[in-house]
Structure formats: structure tokens, C-alpha cells
> 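Pasting in a structure now, in C-alpha cells, and then I'll have a few things to ask.
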Amino acid sequence: MPQSLPFHTCPLSGRAYLHELMTSRDERFQRELCMPKDTFAKIVQELQGIYGWSASRMKNDGVDCFESFAMFMHLLRGHSNRRTQERFQHSGDTVSRHVHKILACMRRGFTTDKLKPMRHQHETHEYLDRRNFYQPFKGNCIGAIDGTHVMIRCKKKEDEKRFFSRKGYAIQNIMAVCDFDLTFVFASAG
């Protein structure tokens with residue numbers, strides 16, 4: 001009977017990879033996780049302190065909050081779950097559990113505190129006041145509206161047929177409104 005081999009065999013564990021990034025140049029950290037080191041640390045501390053997020057409540061998988069958030073950012077960069085498993089040397093279940101826990105924490109409070117317009121929508125933005133071209137829209141314009149197609153994956157393969165596009169993959173049509181401060185004030189996934 002053949003001997004089974006371990007699946008994740010990279011000598012650099014997720015914790016060691018993150019330590020390497022934290023001790024490397026700032027540019028490398030920002031390139032890999034899309035934010036400066038201090039911003040990364042502040043977000044993790046805020047999620048823990050204010051919003052009650054804790055990776056230690058998970059099963060004994062040895063993943064701390066910093067590594068958990070690094071996996072989350074790795075996925076947000078567009079890497080697949082499998083690539084994240086390989087990079088951080090954890091199972092797909094572990095990656096999914098940690099990412100879903102962060103998303104739940106953000107849904108509970110982070111988004112309502114941090115992702116909100118900076119001004120009331122009924123106020124005229126100074127951008128419109130400074131340009132004569134926009135005089136006809138003054139008082140009635142809150143921003144720009146546009147639609148875009150975002151690639152998606154469905155849990156069931158047969159559901160992807162409903163969202164199949166001419167580009168050869170499944171998409172979701174999303175309409176968004178952005179104000180003059182480049183803040184999203186509305187989004188609708190049809």
C-alpha cells in the first residue's frame with residue numbers, strides 16, 4: 001500500500017510567511033497585502049478591540065488574528081482559496097472559517113462605522129459650485145452612476161449557467177453610485 005504524502009509541504013508556514021513580510025521592506029508588504037504594515041496592524045487591533053473579533057475562539061488550528069487577516073487580504077487580492085491554502089499552509093476549511101469569521105465581524109459593525117458617506121446627500125458638493133459646466137445639475141446631483149460586470153463563482157455549477165456571459169464565464173451585473181468624494185453611496189447587485 002502506497003504511503004500517503006502530506007498535501008501542504010512548503011517549509012514556510014503561514015505564520016513564518018507573515019513574519020517574513022512584517023520584517024521585510026514596506027514596499028514588499030504593501031505589494032503583497034495591499035496596505036502599509038501600520039494600517040494592517042491597526043485594522044487587526046480595531047477588529048479585535050472594538051468589534052470583538054478573535055481568531056483564538058476557533059478550533060486549535062494555530063492561526064492568530066494577524067495570519068487570519070493576512071489570509072483574508074490574500075483572497076481579496078483575487079487569489080483563490082486553493083492558492084491561499086498553499087501560501088499559508090492551511091486546509092481549505094481553515095481558510096474559509098477564518099475569512100467568514102472576519103466577514104461576520106465586519107458586517108456586525110465595521111461597515112456601518114467606517115463605510116459611510118462623509119457628507120449629507122442633500123448638500124451641494126463644492127465640486128459642483130466651482131465649475132460652471134455643472135450649474136444645471138446644482139442641487140440635484142449626488143454623484144455618478146455606472147454599471148459593471150463582476151466575475152462570480154456559484155456554489156452549484158448548474159447555477160452558473162444562469163449567469164453565463166459572452167466573455168465565457170459567469171458574471172454579476174452591479175450598479176453603483178459614487179459621490180464627488182469617490183465614496184460609494186449606493187450599490188445594487190441585480
Side-chain angles (χ1 to χ4, degrees), residues 18 21-22 24-53 65-66 68-81 83-84 99-155 159-190:
L18 186 58
L21 285 179
M22 292 297 270
S24 68
R25 294 178 53 180
D26 292 336
E27 295 84 12
R28 179 173 179 227
F29 187 92
Q30 188 155 350
R31 188 181 68 228
E32 292 297 316
L33 296 177
C34 301
M35 67 181 72
K37 293 176 192 177
D38 59 335
T39 303
F40 180 85
K42 285 177 188 175
I43 290 173
V44 171
Q45 290 168 353
E46 197 166 305
L47 285 171
Q48 289 176 304
I50 298 173
Y51 304 105
W53 172 52
C65 291
F66 287 91
S68 182
F69 192 66
M71 288 190 292
F72 177 75
M73 290 306 299
H74 196 259
L75 283 167
L76 284 183
R77 277 196 66 208
H79 297 295
S80 67
N81 187 308
R83 241 179 123 180
T84 304
V99 168
H100 282 95
K101 183 142 182 162
I102 292 171
L103 286 172
C105 179
M106 289 183 149
R107 203 173 27 241
R108 276 195 309 272
F110 187 78
T111 52
T112 55
D113 289 348
K114 303 294 180 191
L115 303 176
K116 58 184 175 183
M118 302 301 284
R119 65 180 74 245
H120 293 289
Q121 293 179 7
H122 303 294
E123 297 174 8
T124 302
H125 197 281
E126 61 266 7
Y127 182 84
L128 295 174
D129 287 335
R130 290 192 307 256
R131 289 166 178 78
N132 291 333
F133 177 78
Y134 295 111
Q135 279 308 114
F137 307 108
K138 191 173 177 179
N140 294 322
C141 184
I142 63 168
I145 187 169
D146 198 5
T148 186
H149 292 104
V150 178
M151 187 172 81
I152 61 168
R153 284 190 218 135
C154 299
K155 288 184 178 182
D159 288 344
E160 284 191 9
K161 293 174 188 169
R162 293 187 352 214
F163 301 103
F164 207 71
S165 71
R166 63 182 173 84
K167 305 253 184 199
Y169 49 82
I171 60 165
Q172 176 74 45
N173 189 9
I174 296 176
M175 179 184 68
V177 177
C178 187
D179 69 8
F180 294 103
D181 294 319
L182 300 179
T183 303
F184 286 101
V185 294
F186 178 78
S188 173

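As the structure is a prediction and not an experimental result, all values here were calculated from the model.
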> Can you list everything that forms a salt bridge (charged side-chain N to carboxylate O under 4.0 Å, His left out) with K37? Sequence neighbours excluded, please.
D26
> When rounded to the nearest 0.5 angstrom, what is the spacing between CG in N81 and CG in L75?
6.0 Å
> Are a donor atom and an acceptor atom from the side chains of H74 and T84 found within less than 3.5 Å of each other?
yes
> Any sub-3.5 Å donor-acceptor pair from S24's side-chain atoms to L21's backbone N or O?
yes
> Drop me the distance from Q172's CD to F163's CZ, to the nearest 0.5 angstrom.
5.5 Å
> Test of understanding: with side-chain hydrogen bond (donor to acceptor under 3.5 Å, both in side chains), list the residues that count as partners of R131, not counting sequence neighbours.
none
> Do the non-hydrogen side-chain atoms of M73 and M35 ever get within less than 4.5 Å of each other?
yes
> Grab the two heavy atoms, one from Y169 and one from S165, that are nearest each other, plus how far apart they are.
O-OG, 2.8 Å
> Could you list the residues that satisfy side-chain contact (heavy atoms from CB on, under 4.5 Å) with A41, not counting sequence neighbours?
F66
> Quick one: does I102's side chain get under 4.5 Å of S68's, heavy atoms only?
yes
> Is it true that atom CZ of R130 has more than 12 heavy atoms of other residues, nucleotides or ligands lying nearer than 6.0 Å?
yes
> Do F69 and L33 have side-chain heavy atoms sitting under 4.5 Å apart?
no
> If you take the centroid of each ring, where Trp contributes its six-membered ring, are F29 and F40 closer together than 6.0 Å?
yes
> SG of C105 to CD1 of I50: how many Å apart, nearest 0.5 Å?
10.0 Å
> Any chance you could measure R31, atom CZ, to R25, atom CZ, to the nearest 0.5 Å?
9.0 Å
> Would you check if the side chain of R77 reaches a backbone N or O of C34 as a donor-acceptor pair within less than 3.5 Å?
no
> Closest approach of I152 and I171, non-hydrogen atoms and distance?
CD1-O, 3.7 Å
> Between A70 and L18, what is the shortest heavy-atom contact and its length?
CB-CD1, 3.9 Å
> Might you confirm whether atom CG of D38 has over 12 heavy atoms from other residues, nucleotides or ligands at distances under 6.0 Å?
yes
> If you define the side chain from C-beta out and look only at heavy atoms, does anything of F72 sit under 4.5 Å from M106?
yes
